Amino acid sequence: MDTTPTSDTNDVLMTGEGVATGALSIPSRYTHTPHEVVDLNDLKNSSDLLLQFITTLDQLKGKNFLDT
């Protein structure tokens, strides 16, 4: 199995004194080809997860995540 990172999230995290970062990966096959395939349920659930995270960001204030 290929475990090569597919994003530069870690590089952003380590920039300067550090930056709060996060990544949401949607499972897929044949990435970066004309025929990339995703399961629509994975896409919908990832969208729901991201929306839930965004709408609760204010609850993270003061918890050492957004206070950079």
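All values reported here derive from a predicted model rather than from experimental measurement. Just so it is clear, the values below take in all heavy atoms, side chains as well, and ignore hydrogens, waters and symmetry mates.
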S47 OG to L24 CG distance, which is reported to the nearest 0.5 Å:
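Output value for this atom pair is 9.0 Å.
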Euclidean distance, T55 OG1 relative to L50 CG, rounded to 0.5 Å:
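Between atom CG of L50 and atom OG1 of T55 there are 9.5 Å.
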Which residue pairs pass the salt bridge (Lys or Arg N to Asp or Glu O under 4.0 Å) test when at least one of the two sits in residues 43-54, sequence neighbours left out?
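Output for this query lists K44-D48.
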Among pairs that include at least one residue of residues 25-42, which meet salt bridge (Lys or Arg N to Asp or Glu O under 4.0 Å), considering only residues two or more places apart or in two chains?
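Passing the test, one end in residues 25-42: no pairs.
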Can you name the closest pair of heavy atoms from V38 and P27 and give their distance?
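Looking at all heavy atoms of both residues, the shortest contact is CG1-O, 3.7 Å.
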